[in-house]
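Below, all heavy atoms of this structure are taken into account, side chains as well, without hydrogens, waters or symmetry copies.
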Amino acid sequence: MNDNTAMALSAGKSPLGGLPQRLVQDGLVDESMMMDAITAAKEKRTSVVTQLVSSGSAQAREIAIAAAHEFGVPLLDLDSVVLDLDTVRLVSDKLLQKHRVLPVLKRGKRMFLAVSDPTNLHSIDEIKFATGLGIEAIVVEDDKLQQAVTKALEQVDTSMPNMMDDDFDLENLDVSGGEEEESGGVTRDDVEDAPIVRFVNKILLDAIKKGASDVHFEPYEKTFRIRTRLDGVLKEVAMPPAQLAMKIAARLKVMSRLDIAERRVPQDGRIKMRLSKNRAIDFRVSSCPTLYGEKIVLRILDPSSAMLGIDALGYESFQKELYLQNLAKPQGMILVTGPTGSGKTVSLYTGLNILNKEDCNISTAEDPAEIQIAGINQVNVNVKVGLTFASALRAFLRQDPDVIMVGEIRDLETAEIAIKAAQTGHLVMSTLHTNDAPQTLTRMVDMGVKPYAIATSVSLIIAQRLARRLCGNCKTRIEVPAEALTKEGFSQEDVKHGLTIYGPKGCSQCMDGYKGRVGIYQVMPVNDAIGRIIMEGGNAIDIADQAEKDGVWDLRRSGLEKVKAGLTSLEEINSVTVE
C-alpha cells in the first residue's frame, strides 16, 4: 500500500473507483484486501480481476455480475459459446495473450469482445485500433475467459492458415516413412503437400510437448475432429476442414508405412519422430474404417517414461519393497494387471530397467514393443507369419534367458509355457486384464491353468490404476462432513484426528485443476495361505479376504492414502476405484 493510499484511508476517503469500488461496496471484497490486490496486480502486470480470482479473494461469477450491473454491459456464459476461429483470427495472438480478451462475434463493422474487466479501456482501444472495428464489450467470468483464450490460441495455432513454429522446421522434420502406390484418388502430391505435412507434424509436436498419451483423428459426415488424451481425459485440439480428412489420413499412413490404397480393413503401424540427436519419440498407429473415412489413433510411446525410476511411480514404501524383493528372485512370475491405459507397461519396464545389467539376459515378446531399451532383446509378435507369444516364448527358452517378459497372457498355451518357465529357473513378467489382484488368480484358473501350477509359480501380483494428480499451484482445501468421510472408507481414527482434503480449482498451469497422474497400486504376494486357497478351489473373494488379513492394501485404500497425502481428490479416486 503506497503513501497516497494510506493518506486517503486515514482521511476516511476511499481511493478506489470503478469496478474495485463497486466490489467493495457490494461486500464482495474487503477494502484493504482490494488495495493489496491492486498492488499485487501491478507487480505481476495482470488485471485486478485476475488477481482477485487467482488468490481466491472473490468468485469470478460474482465479479462478472457486479461488473455487468455497474457498467450496463451484457453478461455472457462462455460455456454456451462455440468459438468462431475466423473471428478469433482478426486479433493477433500477441494481443490476445497480452490483454486476455476473446473476440466472440463479428457483425458488419462491429466486434463483440469478451472481457472480465470492462474498465480496462486500454486493451479495448488497442484492439479497436488493430482491427479497425467498433468494439462492444461483453462481461464474462475471468477463469472461464482464461481457459477459453488458451483453447482459442491452441486451435488457431493448429489450424492451417497461421501454423508457425520457431523451434522446428515443420516441413522437414525427421520422420520415418515410406511410399506406397498412388490410388483411390490420393496422389503423391496429396501425401507430400507441404501444408498437410506441416499440419500433421505440428499436431504431433504439440501432443508431445503437452505430455499427451494418444492423438485421435476422427472423420465425420461434415466435420473432422482431432483430439488428444492428456492425463486420461480427451480434449479437442483442432477441427480442420472435413475435405482434408483423406489427405491427413494418407499422410499418417505413409509415415507409418501402411498401405494407403487399403481403406476397408484395420491396419497397424509405427512412426518414429526424431526431435534431436538424443531424443526420438515413437508412435503406435492404428487405422480403422468408419462410416465417413478412416479413424486413426496414435499412441505416443516415450522411452523416457520407463526411465523415471521406481520412486516416481507412486508406490507406497512397503509396496515398492515387495516389488524389489520379487525382482531380485531368480525365478517366479510377476503379473501386472489393470485396464488399458493404466500404466502396466511402464511398471513392467521400470522393473526390467532395474534388472538390465551386463550379467542378465532379458528377452521380451510384445504386440508391439512399445518402449525400446538398449540391452533388452525385444520381439514383436506377428501372428500372420506364425510368430505368436507362445512361439516366441519357446524360442526364448532355447536362448539361455534369465528374465522373460510377455506382453500379455491371452490364452492357455501362452500361460502354460510362461508358468513352466517360471518353475524352471527363470523370472517371468507379464500382464493380464483383470480388475484387481485376487481376480487375476481365478482368471488364470478359468483359462485352464492347473491351480497347483499357479500356486507354485506366481510370486507377486500388482493391480494398478492411474489417477489425475492435483495441481500443486491451485489445489484448494475443501470441507467434507465426518459422516461422508467415514462412508467413503476413511477409518474412524483418520476422521477423529482430522483430515485435510483437497479438490481441484484450475489455473493457467494445469487442466481443470489437475496436472500429471499418480499410480494407485494393490501389491499382493502369493504366499502359502493364498496358494492353499487356490489349490482348494477358492474364489476371488476368499483370496481377497486372506490378502486383507495379510495386510495387503486394496486399490480403494491405496487411493484414499493418496487423498490423505493431498496428491489427488476424492472425486478422482471415486472415478477410478470402487467403494
- May I ask you to check whether Asp411 and Thr414 show a side-chain donor-acceptor distance below 3.5 Å? yes
- Message: For Tyr521, give me all partners under ring pair (Phe, Tyr, Trp, His ring centres under 6.0 Å), at least two apart in sequence or on another chain.
- Response: Tyr315
- Note on the structure: Distance col, row Leu145:CG vs Thr50:OG1, nearest 0.5 angstrom, shows 7.5 Å
- Query: Do Arg532 and Asn527 meet the criterion of a side-chain donor-acceptor pair at a distance under 3.5 Å?
  - Reply: no
- Message: Does this structure show an ion pair linking Asp311 with Lys320, if we count only N-O contacts that are shorter than 4.0 Å?
- Response: yes
Sequence neighbours left out, cut at 3.5 Å: what donor-acceptor pairs do the side chains of residues 534-542 make with other protein atoms?
| unit_1 | atom_1 | unit_2 | atom_2 | d |
| --- | --- | --- | --- | --- |
| Asn539 | OD1 | Ile541 | N | 3.1 |
| Asn539 | OD1 | Asp542 | N | 2.9 |
| Asp542 | OD2 | Asn539 | N | 3.2 |

- Query: For Glu561, which residues count as a salt bridge (charged side-chain N to carboxylate O under 4.0 Å, His left out) partner, sequence neighbours excluded?
  - Reply: Lys564
- To the nearest 0.5 angstrom, please state how far the CE atom of Met405 sits from the OG1 atom of Thr431. 8.0 Å
- Pick out which of Val449, Asp446, Ile461 makes a side chain to side chain contact (heavy atoms under 4.5 Å, CB included) with Leu441. Ile461
- Task: Could you list the residues that satisfy side-chain contact (heavy atoms from CB on, under 4.5 Å) with Glu70, not counting sequence neighbours?
- Result: Arg22
- Item | Which residues share a side-chain hydrogen bond (donor to acceptor under 3.5 Å, both in side chains) with Asp84, sequence neighbours left out | Thr87
- Task: Answer yes or no: is there a side-chain heavy-atom contact under 4.5 Å between Asn356 and Ile373?
- Result: yes
- Message: Are the side chains of Arg556 and Glu488 in contact, using a 4.5 Å heavy-atom criterion?
- Response: yes
- Message: Let me confirm one number: the CG-CD distance from Leu28 to Glu62, rounded to the nearest 0.5 Å.
- Response: 5.0 Å
- Return yes when atom CD of Gln59 has more than 12 non-hydrogen atoms of other residues, nucleotides or ligands closer than 6.0 Å, and no otherwise. no
- Query: Between the side chains of Gln146 and Asp142, does any donor sit under 3.5 Å from an acceptor?
  - Reply: yes
- Note on the structure: With sequence neighbours left out, the residues meeting ring pair (Phe, Tyr, Trp, His ring centres under 6.0 Å) with Phe318 are Trp553
- Query: Which pair of heavy atoms, one from Val88 and one from Ala152, lies closest together, and at what distance?
  - Reply: CG1-CB, 4.2 Å
- Task: Rounded to the nearest 0.5 Å, what's the gap from NE2 on His216 to OG1 on Thr228? Could you check?
- Result: 9.0 Å
- Can you find a pair of side-chain heavy atoms, one from Met429 and one from Leu327, that are under 4.5 Å apart? yes
- Assess the side chains of Thr456 and Gln423: does a donor N or O sit below 3.5 Å from an acceptor N or O? yes
- Message: Considering only residues two or more places apart or on different chains, which pairs with a residue in residues 439-482 satisfy ring pair (Phe, Tyr, Trp, His ring centres under 6.0 Å)?
- Response: none
- Item | Sequence neighbours excluded, every pair satisfying salt bridge (Lys or Arg N to Asp or Glu O under 4.0 Å) that has a member inside residues 502-514 | Lys235-Asp512
Under 3.5 Å, side-chain donor or acceptor atoms of residues 332-342 against the rest of the protein: list the pairs with distances, not counting sequence neighbours.
| unit_1 | atom_1 | unit_2 | atom_2 | d |
| --- | --- | --- | --- | --- |
| Thr337 | OG1 | Leu432 | O | 3.1 |
| Thr337 | OG1 | Thr434 | N | 3.0 |
| Thr337 | OG1 | Thr434 | O | 3.1 |
| Thr337 | OG1 | Thr434 | OG1 | 2.5 |
| Ser342 | OG | Pro339 | O | 2.7 |

- Item | 4.5 Å side-chain heavy-atom contact, Ile138 and Val104 | yes
- Message: Looking only at side-chain N and O atoms, does Ser569 offer a donor or acceptor that is under 3.5 Å from a partner on Glu571?
- Response: no
- Item | side-chain hydrogen bond (donor to acceptor under 3.5 Å, both in side chains) against Asp554, all qualifying residues, sequence neighbours excluded | none
- Side-chain contact, heavy-atom cut-off 4.5 Å: Phe490 with Val563? yes
- Item | Exercise: do Thr568 and Tyr502 side chains pair donor with acceptor under 3.5 Å | no
- With rounding to the nearest 0.5 Å, note down the distance linking CG in Asn353 to CD1 in Ile376. 6.0 Å
- Minimum-distance pair of heavy atoms, taken over all atoms of Leu52 and Ala37: CD2-CB, 3.6 Å
- Message: Tell me which pairs pass side chain to side chain donor-acceptor pair (under 3.5 Å) where either residue lies in residues 463-473, with sequence neighbours left out.
- Response: Ser347-Gln464, Arg468-Glu572
- Mind checking what makes side-chain hydrogen bond (donor to acceptor under 3.5 Å, both in side chains) contact with Glu218, not counting sequence neighbours? Arg225, Arg227, Lys295
- Distance in Å, Leu499 CG paired with Glu493 CD, rounded so as to fall on 0.5 Å steps: 10.5 Å
